[in-house]
Amino acid sequence: MSTIPELYNEKCHCAGCSQNDLGYSFVARRTAQRHNKRARLNAIRCERDMSTQRNMMEVDDEPILTHQPGALEESYTQTNSPVWEGASMSDTEDVSVTNDAISNGDNDDSGSNSNEISEDESEDDVIELDNNELNSEDPFATPDMPQNPVHRFIATFVVMFASRYVVDKGAVVLIEFINKLLTIYEQDFQLPLSLPGLQRMTGFSAMTKGIKKFVVCQDCHKVYEESASVPSHCDFVKLGARSSCNCQLTKTSASGALVAKRSYLYQSVLHRLGYLDLVRGTIIDPMHNLFLGTPKRLMDRWIKDEDIQDGDFAAMQKTAETMIVPGGYTSLNSKIGKQFSYMKADEWKSWVLVYSPVLLKDVLAKDRFENWINFVDACRLLIKPTITFDEVNTAHQFLQTFCTRCDELYNAKILTCNMHLHLHLRDTIRDFGPVYGYWLFGFERFNGLLKNLKTNRKIGFEETFMKKFIEDVHKDDLVNSFLQSTRQTSAFPLLTKLTSSFTPATIPSIRQRTFRIQSFVEASEDPNVLVKGNEPLPPSAFPLSLKSATTMSDIHYVHLLQYYKVAYNNEQLVHFQQASESPYFVDNTITLLKYINILGQVYKGKGESGSRGSLVQAKFIGSTGEHIIAYTGQIQYIFTHSFTPPPTSSSLTPLLRTHRRPTQLLHNSQHTFAFIKWYTPKNDKSREYEHVETCFPTFSPDDFQCVLPVHRIMLEVATAEHTTRRKVKKMLVIPLPKKQYI
């Protein structure tokens, strides 16, 4: 039977330590004293608030606040004490409570508690806060911000503009200019004269106040704070060892890292926490597990077994050069021909999901290729930002089949611990959610940027870069905080220009109250659902990246007119050139978009991206009306168009039938479309097993279905040119996992 060490032999029954089955936790004696002291301080605070409320209720005609001269002087002295000046906002609250309790002689309980606190520990210990209290603070608390919403907007705009475009000296000039304007217009508000002061006032500095630099021992992994005195050699004594680690520490080596401020706990202490399962709490990184392990190991095995030879690499590279890959994937321009040398994680990801189903078909033996597709199918499901439990289970079955077949097709040596961890990814996703929340692709890109800038490295560069990185990440949160506190919707377009990628949390709720994610997703999956193009767009689409207004070409306008006739079941609509003959005409003025963001997936026209991001699929009902077919096409351009149908068009055409709620009677005149040229389909299912579709590389004749509401775009695709043995050119289509950031 294990016993608790003498160091942790004190039972603590405070609110934080009693949240378990036992109702208490074993902690150090000094920790228990601090927890008890905090509980007494909370009791003092509650008693003081209740007393204040009682006094206010008893006041009749007397002033609410009365001060004796001595009391006023004493209060001023307390608030200007050295402890107050060095404390944070949360610290000052506890200090004021303690001083009030000590100076209040009428309350015997408060006085006894205060005396007991002062006897046990010093004043510094009284104001000490634990990590839970620090984490509960509002990161964007702005107590010094003005109440006037216009003044709040000015302060928020200046601090963000200075962070993005202006150096420190220029920021001071900008602040002086803004203050001069405020004085000219007789405003009772002035910005702080320094950029740090402005950042503190707006809460901008709270983003990076926890950034600190640490040095880590490469042997035992003990962490030393670099601001403190770091020994030349590690002094940590391992469990059961008779001497210290004695590993040399180098502050400027790769062991130095910028991390968020956290407490360092030894493994033996973590094991004493009964509620912590260290095995289940360890996350398997999908980036390393899926893309930096198994693909490279199998590629080395195929080369060793001569499944892939030098001529095969050259042929695969030639085909890869014809492939068009979406913007979210890395193009393998020359890595395949060089036998995958120096491949990074995002390159292996592109190889697995995009290239390998096409290029390995005619290279590997059938049984090995089919087993590899099991791994590809699992990755297609697991990397989705939104995933269902059924998809997680299906991916697990693919991985289980893949590992079992590897043992049969190769030998036991092919199986590694990394491949064993494939079978634990299901538990990781069930516990921690989709892989986008914790895989390490973001850190890989950050580390790569640091390596590229290593030649220009200066003292403190990593810390400055980390602060800048975190500021950019949280600028969206700062804008949302401002919008929620002021509801100044007119400031929204200007503030969004100061953020790299803004997903508003407030404005879409005002402008798009009827948006329903389930209905939107259903519209892209089921062509039977009526979608006219004026339905609410997701918040990620705003602000729309609008270009200047223009006129639609006469050839394309004819299809737009026909689309409205079919969508609104109204043959009375006429050409804009006949506007004088009938009021029911369709205007030819449109507004082009550079791109549109649909739930995290960015779509662009052909001219905006050079084909990357323009190749998509959408579902249509077949000619017989029984089958649903996915057509591949290329977006020529994305545009908005304003149209209000005549009030007589109430019936719906069977072609676009659906069930609509009678409450949706308000009409939104703005429609958002993509003009898409559709490739000629080919009834060829020879590559259905690897989820590769086939079509002709020519476009079908244009008709009204080339005008497609962006709501109906299903997903992005990659394409590759392929020539058969009979010299027939075909185009291979690789549907890619659909991104849905909800």
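What's counted below: heavy atoms across the whole structure, side chains too, no hydrogens, waters or symmetry copies. Each residue takes its place number in the sequence, starting with 1.
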Would you say the ring centroid of [X] lies under 6.0 angstrom from that of [Y]?
X    : Y    : value
Y564 : H641 : yes
F515 : F520 : yes
H556 : Y637 : yes

What are the two closest non-hydrogen atoms of [X] and [Y], and how far apart are they?
X    : Y    : result
C403 : L415 : O-CD2, 3.7 Å
I596 : A541 : CG1-CB, 4.2 Å
G613 : E716 : CA-OE2, 3.0 Å
F696 : K729 : CD2-O, 4.3 Å
P709 : G533 : CB-CA, 3.7 Å
L409 : N371 : CD1-CB, 3.8 Å

Does [X] reach the main-chain N or O of [Y] with its side chain, forming a donor-acceptor pair under 3.5 Å?
X    : Y    : value
R712 : A523 : no
S540 : N597 : yes
K335 : Y342 : yes
N374 : F398 : no
Q601 : I598 : no
S614 : K604 : no
R297 : I414 : yes
R612 : V325 : yes
N668 : E535 : no
Q317 : I336 : yes

Atom [atom1] of residue position [X] - does it have more than 12 heavy atoms of other residues, nucleotides or ligands inside 6.0 Å?
X    : atom1 : value
E321 : CD    : yes
K594 : NZ    : no
K318 : NZ    : no
Y679 : OH    : yes
Q518 : CD    : no

Is the shortest side-chain heavy-atom distance between [X] and [Y] below 4.5 Å?
X    : Y    : answer
L732 : T719 : no
I635 : Y603 : yes
T319 : H722 : no
W678 : L708 : yes
V733 : C695 : yes
D377 : H691 : yes
H711 : L537 : yes
S700 : P681 : yes

Trace of the side-chain contact (heavy atoms from CB on, under 4.5 Å) decision for F673 with I590: CA-CA 10 Å; F673 299 113; I590 61 175; over 6 Å; no
When you look at L290 and H422, which way does the side-chain contact (heavy atoms from CB on, under 4.5 Å) test go after all the steps? CA-CA 8 Å; L290 293 176; H422 291 338; 4.1 Å; yes
Once you round to the nearest 0.5 Å, how far does [atom1] of [X] lie from [atom2] of [Y]?
X    : Y    : atom1 : atom2 : answer
F369 : W302 : CZ    : CH2   : 9.0 Å
N534 : S642 : CG    : OG    : 10.5 Å
L736 : L615 : CG    : CG    : 10.0 Å
E690 : E370 : CD    : CD    : 9.0 Å
F389 : R426 : CZ    : CZ    : 11.5 Å
M731 : E721 : CE    : CD    : 9.0 Å

Can you find a side-chain donor-acceptor pair between [X] and [Y] that sits under 3.5 Å?
X    : Y    : value
T388 : D390 : no
T330 : K344 : no
D310 : Q339 : yes

For the pair R301 and N411, evaluate side-chain contact (heavy atoms from CB on, under 4.5 Å) and give the outcome as yes or no after the intermediate values. CA-CA 11 Å; R301 182 57 182 264; N411 52 48; 3.2 Å; yes
Take R405 and D367 through the side-chain contact (heavy atoms from CB on, under 4.5 Å) test and state the conclusion after the steps. CA-CA 9 Å; R405 289 289 293 158; D367 51 357; 3.9 Å; yes
Under-4.0 Å salt bridge between D300 and K296: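 Yes, charged N to carboxylate O under 4.0 Å.
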Under the criterion side chain to side chain donor-acceptor pair (under 3.5 Å), which of Q636, H559, K677 is the partner of D702? K677
What class does the angle between the rings of F432 and Y438 fall in, given that below 30° is parallel, 30 to 60° is tilted and above 60° is perpendicular?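 Rings of F432 and Y438: perpendicular, over 60°.
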Do the numbers put K349 on top of the ring of Y329, so that NZ or CZ is under 6.0 Å from the six-membered ring centre and no more than 45° off the axis?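 Pair K349/Y329 counts as cation-pi.
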Side chain to side chain contact (heavy atoms under 4.5 Å, CB included) partners of V352, counting only residues at least two apart: F291, P295, W372, F375, V376, C379
